[in-house]
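Here is the structure we will look at, set down as structure tokens.
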Amino acid sequence: MTTLMTEKTLQEEVRGLAAARDAVILAHNYQVPEVQDVADYVGDSLGLSREAAATDAEAIVFCGVHFMAETAKILSPEKTVLIPDLDAGCSLAASITADQLRDWKAKHPGALVVSYVNTTAEVKAESDYCCTSGNAQAVIEAIPEEREILFLPDMFLGMWLERVTGRKLTIWLGECHVHAGIRPADIERWQAEAPDAELLVHPECGCASQCMAFANGRTHIISPGKMVDFARRSTKERFLVATETGIIHRLKKEAPGKRFEAVSERAICRYMKMITLEKLRDSLREWKYEVTVEPEIAERARGAIDRMIALG
Ligand code: 13P
Ligand code: SF4
């Protein structure tokens, strides 16, 4: 009871501060439920980028990880962008630096670089296109067949893209520890144990491209944004979800009355969970922590991000 009261009071405080300071609160699908519930908009990277580009608010408080807040800053350079905890990083984004990318490009002259949005602004500045799980296939298909493509940093997303597009990609061997941990055996077990359920699988998962090998009509490899649309429209009642478990809260709200379960209860991103309601309140109250991107880097990264939004 007391905890619920505290949560409600904090949420009211957050809403009051956001209104007073003309700030919009954007929250990623993997945020804790109480942060999702207080946000103006909850979504995946692509949806949040679109909101960041379109908002009229003076400031954006980004409840997600650092590269997402950087992307918001690049898209809205005149606005103040805050993140409630500067340590909210991403192990996938950390798997390649701009220097490593420059070396890789030097070994593949003439290749185009497609970077997943989970990268630093410096890496985006070295890229031709950015993509998210929601539009990666469309981005690859928009590139002429004869061009070599360097795809980074997620190898599982890259392998899945090779399968769905039929293109050969040169893939950086990075991975997200959360999604890489969801293995083909987890899916096989659920397929046997829950024959009535639809399986919704994020393409970053360690099982994604293998899932295609034993795919059936009820296994769907789709982005979190598409999972929400799918669950809303489906006539089915039960869904097993292979991605970070935060999405379950969003799915339950968007498709009430249906049953959602995590394929792996271990799929928890500790970086996403660093943002709490208290830290969000402090961020608005003390106007911290401001996210900045060097203008020269931002300008070069912007081209790749704009191409991603255009192909959404
Ligand atoms: P989305 O692009 O699906 O929002 O994913 C970002 C992310 O961090 C995946 O783990
Ligand atoms: Fe990065 Fe993985 Fe966390 Fe997403 S779930 S923010 S890719 S570490």
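Start at 1 and go down the list; that is how both ligands and their atoms are numbered. The basis for the numbers below is simple: all heavy atoms, side chains too, and nothing from hydrogens, waters or symmetry mates.
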Charged N to carboxylate O below 4.0 Å: is that the case for [X] and [Y]?
| X | Y | answer |
| --- | --- | --- |
| Asp40 | Arg15 | yes |
| Asp128 | Arg307 | no |
| Glu141 | Arg167 | no |
| Lys279 | Asp282 | no |
| Lys226 | Asp229 | no |

Mutual orientation of the aromatic rings belonging to His202 and Tyr30 [parallel < 30°, tilted 30-60°, perpendicular > 60°]: tilted
NZ (Lys236) with more than 12 external heavy atoms under 6.0 Å: no
Name each N or O atom in ligand 1 that is under 3.5 Å from a protein N or O, and give the partner atom and the distance.
unit_1	atom_1	unit_2	atom_2	d
ligand 1	2 (O)	Ser45	OG	3.0
ligand 1	3 (O)	Ser133	OG	2.8
ligand 1	3 (O)	His202	NE2	3.2
ligand 1	4 (O)	His28	NE2	2.7
ligand 1	4 (O)	Ser45	N	2.8
ligand 1	4 (O)	Ser45	OG	3.1
ligand 1	8 (O)	Asn118	ND2	3.1

Stepwise side chain to side chain contact (heavy atoms under 4.5 Å, CB included) check, Glu126 with Val113: CA-CA 8 Å; Glu126 292 292 331; Val113 177; over 6 Å; no
Option among Gln36, Glu244, Arg250, His249 that satisfies the side-chain hydrogen bond (donor to acceptor under 3.5 Å, both in side chains) test with Asn29: Arg250
For Glu204, the ligand 2 atoms whose distance to one of its heavy atoms is below 4.0 Å: 7 (S)
Within less than 2.8 Å of atom 1 (Fe) of ligand 2: protein N, O or S atom count: 1
Sub-4.0 Å heavy-atom contact, His28 with ligand 2: no
Sub-6.0 Å ring centroid separation between His220 and Phe230: yes
